[in-house]
Every structure is written in C-alpha cells, then in structure tokens.
Amino acid sequence: MKILALETSCDETSAAVLQGNMTQPVSVLSNIISSQVAIHAKWGGVVPNLAAREHLKNCIPVINSALEHGKTTLDSIDLFAVTQGPGLIPALLIGTNVAKTLSYFHKKPLIGIHHIEGHIYANLLKTNNDPKKLFPLISLIVSGGHTQLIRMKGHFQYEIIGQTYDDAVGEAFDKVSKMLDLGYPGGPIVSKQAQDFEKSISTIKNKKLKNELLSISFPRPMISSHDFNFSFSGLKTAVLYFMKDMKKRKIGIETMELYKGAICYAFQESATEVLVSKTMDAVKRFTPLTLLVAGGVAANKKLIEKLKESTSELNSVHFVSPKLEYCGDNAAMIGVAAFYRYNALKKANRLKELDNNWKILEADANMKLQKI
Ligand code: KG4
Ligand code: ZN
C-alpha cells in the first residue's frame with residue numbers, strides 16, 4: 001500500500017510518500033520538509049498566522065516534490081494521512097483541509113494522526129527494528145511542546161505515566177538560547193555550545209576561570225519526586241538569574257562567550273540527567289522490552305549517549321532512538337503511524353470509520369492520544 005502523509009502542525013511543511021506491507025518494514029520513498037525557521041527566527045518563536053500563510057504557500061509544491069521524488073502519482077496513493085493535532089490551529093487547518101480535499105477527489109481513505117503518535121512511530125522506520133519484539137515499551141517523549149513518559153502494552157495502547165507540569169524540555173532549551181542571545185531554535189544551538197565547551201575545557205589556561213566555569217551547576221528539578229513527572233520552568237529561571245548576575249559583572253566579550261558555553265553545558269547536564277533518571281525509574285518499575293525516545297530533542301547527542309549507557313547497564317531492555325532525519329517534525333513519521341493505525345483498524349473490522357473522514361475530520365489543537 002502507498003501512503004501520502006502531510007504534517008503542518010507547527011513550522012515545517014512536510015509531505016512524504018511511504019510504501020508498506022505487513023511482511024517488511026515500512027519504507028520511505030520520499031520525505032520532503034520545507035522549514036520556516038528563517039521566517040520565525042526574527043520573532044524568536046513560531047508566529048501561528050505566519051506559519052499558516054507559509055504552509056498554504058508551500059503545501060502543494062511540497063506534495064508535488066514528494067510525489068516526484070517518490071516516483072509516484074496521486075492516482076496510485078491508497079491512503080492519505082495527516083497530522084490532526086495537537087499543534088497550532090491555523091497551521092493544522094491547512095494540512096487537514098488539503099488532505100481532506102485529496103481524499104475526496106481521489107476517493108481514498110484518510111487517517112488523522114496525533115503528532116506525538118507520529119514521533120513515537122518514527123522509531124519503526126528503522127529497518128533493524130523487529131516490531132514483534134517491541135511491546136511492552138516505554139517511550140520518552142521530548143519535543144518543543146511535550147515531555148512525557150508513555151507506557152504501551154501494544155500498538156495504540158497508550159498510558160501516560162508522567163509528564164511535565166510546566167515547560168516542555170525543548171521549550172526550555174529554546175528559552176535558554178533566547179536568554180543567552182544565541183538564536184532560534186535553541187535546542188541545536190545550545191547543544192552545540194555545550195559540546196564545544198566540553199571540547200575546549202582542556203585548552204583554558206587560566207585555572208581560576210576554568211574552575212569557575214566548571215563549577216557552574218543548575219538544579220535537577222523533581223529528580224527525587226518518586227513519580228514520573230517533570231518540571232523545567234525552575235531550571236530555566238535558574239539560568240535566567242545566573243545570567244542576570246553575570247551581566248552585572250564587567251567581563252570581556254571573550255570570557256562572556258566562554259561563560260555562555262559553560263551555562264549551556266551545565267543546563268544540558270541538568271535537563272538530560274532529570275530525563276534519564278526518571279526514564280530509568282520507569283524502566284525499572286515497569287520492566288519493558290523496549291525503551292524508545294521520540295521528538296525533536298531526541299536529536300540531542302548527550303541525551304542519547306546517557307540513555308544508551310544507562311540501558312546497557314540493565315541488559316534487559318532494548319533501547320531505540322529515531323534516525324536523526326526523523327527526530328524533528330516530518331511527514332514520514334505521520335505516514336508510518338497511519339500505516340500501523342490502518343492495519344489495526346482493519347484487524348478490528350473498523351475500516352469503515354475512515355470513509356467519511358474527508359468530510360468529518362477536524363483539526364484539533366488539543367487532541368489527545370487515541371487508543372484502538
Ligand atoms: O518535535 P519537534 O521538532 O517539534 C515539536 O513537536 O515541538 O521538537 C522541536 C524541539 C525544539 O524545542 C528544538 O529546540 C528541540 O526540539 N531540539 C533540540 C535539539 N534539536 C531540536 N533540543 C536539544 N538538542 C537538540 N539537538
Ligand atoms: Zn514534533
């Protein structure tokens with residue numbers, strides 16, 4: 001079966017063509033992403049109406065490009081898939097309406113996918129994953145809008161066992177970057193600064209400065225809370241106060257740059273330590289076969305390193321992370337989730353539910369994960 005998937009929930013317009021059957025892993029024939037980062041960078045964050053305008057402009061060219069790269073025509077598509085929510089409503093409306101129109105004209109079913117479901121299922125695009133050995137699993141969700149621990153006993157059997165009370169971890173990365181005037185989106189910039197700082201420590205000659213930089217440390221919020229919830233706003237505020245104090249001290253530009261690297265490093269250490277500690281508590285408590293990580297922050301090398309290290313000590317759990325190209329928002333992840341959802345509905349004799357989606361599917365900014 002061939003699937004055309006669309007993703008327009010935030011600031012990436014993406015279309016993908018996938019091919020799937022039950023005997024082989026789903027293959028991605030094309031996955032085109034048109035990023036609006038440059039447009040939103042000026043504002044320091046995503047402006048919903050600007051995002052919608054760009055999606056409208058880019059959606060058809062991106063679909064055409066996905067079809068061309070996937071050597072496919074619309075007539076050979078068997079299933080349409082789209083991110084239904086959660087996300088920015090003006091942005092979601094563009095993708096859902098384009099998908100509904102395609103489904104209507106081509107008389108093929110349409111599936112609405114939860115954005116986080118897409119991030120989770122991006123892990124099934126790895127060819128070396130055997131889906132039969134996946135469950136039960138624990139998934140650590142780390143994106144710009146979500147930080148959650150989800151337990152799954154089977155496909156589409158979601159149980160949220162913990163989540164953030166305030167900021168998502170990606171949001172905290174973005175805000176720290178903004179505080180340090182480093183740019184947007186902050187996650188990749190902060191992690192690069194942290195990595196460069198770690199590499200440069202040995203080259204710092206001034207011992208006093210070196211010790212000062214290495215002594216920077218931020219709280220690990222809720223690390224001992226004995227539950228699976230998170231909080232990142234206090235950590236972000238701790239960075240803000242540290243930065244305010246720094247600005248009062250009259251230090252040169254070069255030293256300030258070193259401080260920024262050290263702050264990024266210390267912040268990343270705190271954030272990743274809390275994520276890994278809570279995740280490993282969940283792994284020990286629920287003894288899953290697999291641990292997955294999903295969402296934009298899964299591109300963070302430090303987080304992946306720490307999770308790999310902690311799971312290798314346990315032996316009993318298989319750790320899986322998405323390929324780098326599928327960590328951030330993309331349509332291939334929506335397509336692979338749609339493939340598994342379609343097959344689960346088929347098995348449950350519920351495919352008829354998809355017939356009217358061209359008419360009734362509605363973008364839902366606050367969509368919840370749907371069990372089957
Ligand atoms: O999943 P995603 O692309 O969009 C949402 O669903 O929110 O995640 C975006 C988030 C942003 O906050 C971005 O700064 C963060 O992922 N991010 C990273 C890295 N790459 C992207 N955070 C930390 N380290 C990274 N390397
Ligand atoms: Zn996302």
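We count ligands from 1, going down the list as the structure has it; atoms in each ligand are counted the same way.
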Quiz item: Going by distance alone, is a donor N or O of one side chain under 3.5 Å from an acceptor N or O of the other, for T73 and D75?
Solution: no
Quiz item: Do the two ring centres, one from F80 and one from Y104, sit under 6.0 Å apart?
Solution: no
Exercise. Can you run down the side-chain hydrogen bond (donor to acceptor under 3.5 Å, both in side chains) pairs that involve residues 356-372, sequence neighbours left out, and say none if there aren't any?
Key: none
N/O donor-acceptor pair under 3.5 Å between [X] side chain and [Y] backbone:
X: S103; Y: K108; answer: yes
X: N31; Y: A332; answer: yes
X: S9; Y: G85; answer: no

Quiz item: Of all the heavy atoms in H146, does at least one lie under 4.0 Å from an atom in ligand 1?
Solution: no
Quiz item: So is C10 close enough to ligand 1, meaning a heavy atom under 4.0 angstrom away?
Solution: no
Pairs of nitrogen or oxygen atoms closer than 3.5 Å, one from [X] and one from ligand 1: do any exist?
X: G170; answer: yes
X: G144; answer: yes
X: G295; answer: no

Self-check item: Metal environment of the Zn ion (ligand 2), protein N/O/S under 2.8 Å
Solution: H115 NE2, H119 NE2, D329 OD1
Atoms in ligand 1 with a heavy atom of [X] nearer than 4.0 Å:
X: G145; result: 7 (O)
X: A299; result: 20 (N), 26 (N)
X: G328; result: 3 (O)

Ignoring hydrogens and angles, write down the donor-acceptor pairs under 3.5 Å from the side chains of residues 244-267, residues two or more places apart or on other chains.
| unit_1 | atom_1 | unit_2 | atom_2 | d |
| --- | --- | --- | --- | --- |
| R249 | NH2 | E212 | OE1 | 3.1 |
| Y259 | OH | E212 | OE1 | 2.4 |
| K260 | NZ | L180 | O | 2.8 |

Quiz item: Does a salt bridge link D174 with K178, judged by any charged N lying under 4.0 Å from a carboxylate O?
Solution: no
Quiz item: Counting heavy atoms only, which of A271, C327, A298, P188 comes nearest to atom 19 (C) of ligand 1?
Solution: P188
Quiz item: Hey, which of Q148, E117, R151 is the one that makes side chain to side chain donor-acceptor pair (under 3.5 Å) with Y158?
Solution: E117
Quiz item: How many angstroms lie between OG in S143 and CD in E171, if you round to the nearest 0.5 Å?
Solution: 9.5 Å
For [atom], find the nearest protein heavy atom and state the residue, atom name and distance (0.1 Å precision).
atom: atom 15 (C) of ligand 1; result: V297 CG2, 3.9 Å
atom: atom 24 (N) of ligand 1; result: N300 ND2, 3.0 Å
atom: atom 22 (N) of ligand 1; result: G187 CA, 3.3 Å
atom: atom 12 (O) of ligand 1; result: D174 OD2, 2.8 Å
atom: atom 26 (N) of ligand 1; result: S191 OG, 3.4 Å
atom: atom 17 (N) of ligand 1; result: G296 O, 3.7 Å

Applying a 4.0 Å heavy-atom criterion (strictly less than), which segment of [X] is in contact with ligand 1: side chain, backbone, both, or neither?
X: D329; result: both
X: H115; result: side chain
X: K301; result: neither

Quiz prompt | pair N229-M222: side-chain heavy atoms closer than 4.5 Å | solution = yes
Quiz item: Mind checking whether F286 and F228 have parallel, tilted or perpendicular rings, split at 30° and 60°?
Solution: tilted
Exercise. Could you label the plane-to-plane angle of the F232 and F230 rings as parallel, tilted or perpendicular, counting under 30° as parallel and over 60° as perpendicular?
Key: parallel
Taking distance alone, no hydrogens or angles, what donor-acceptor pairs closer than 3.5 Å link side-chain atoms of residues 305-313 to residues at least two apart or in another chain?
| unit_1 | atom_1 | unit_2 | atom_2 | d |
| --- | --- | --- | --- | --- |
| K306 | NZ | E269 | OE1 | 3.2 |
| K306 | NZ | T272 | OG1 | 2.8 |
| S310 | OG | K306 | O | 2.9 |
| T311 | OG1 | L307 | O | 2.7 |
| T311 | OG1 | K308 | O | 3.1 |
| S312 | OG | K308 | O | 3.4 |
| S312 | OG | E309 | O | 2.8 |

Quiz prompt | Stepwise salt bridge (charged side-chain N to carboxylate O under 4.0 Å, His left out) check, K352 with D355 | solution = CA-CA 5 Å; K352 262 209 121 1; D355 286 353; 3.2 Å; yes
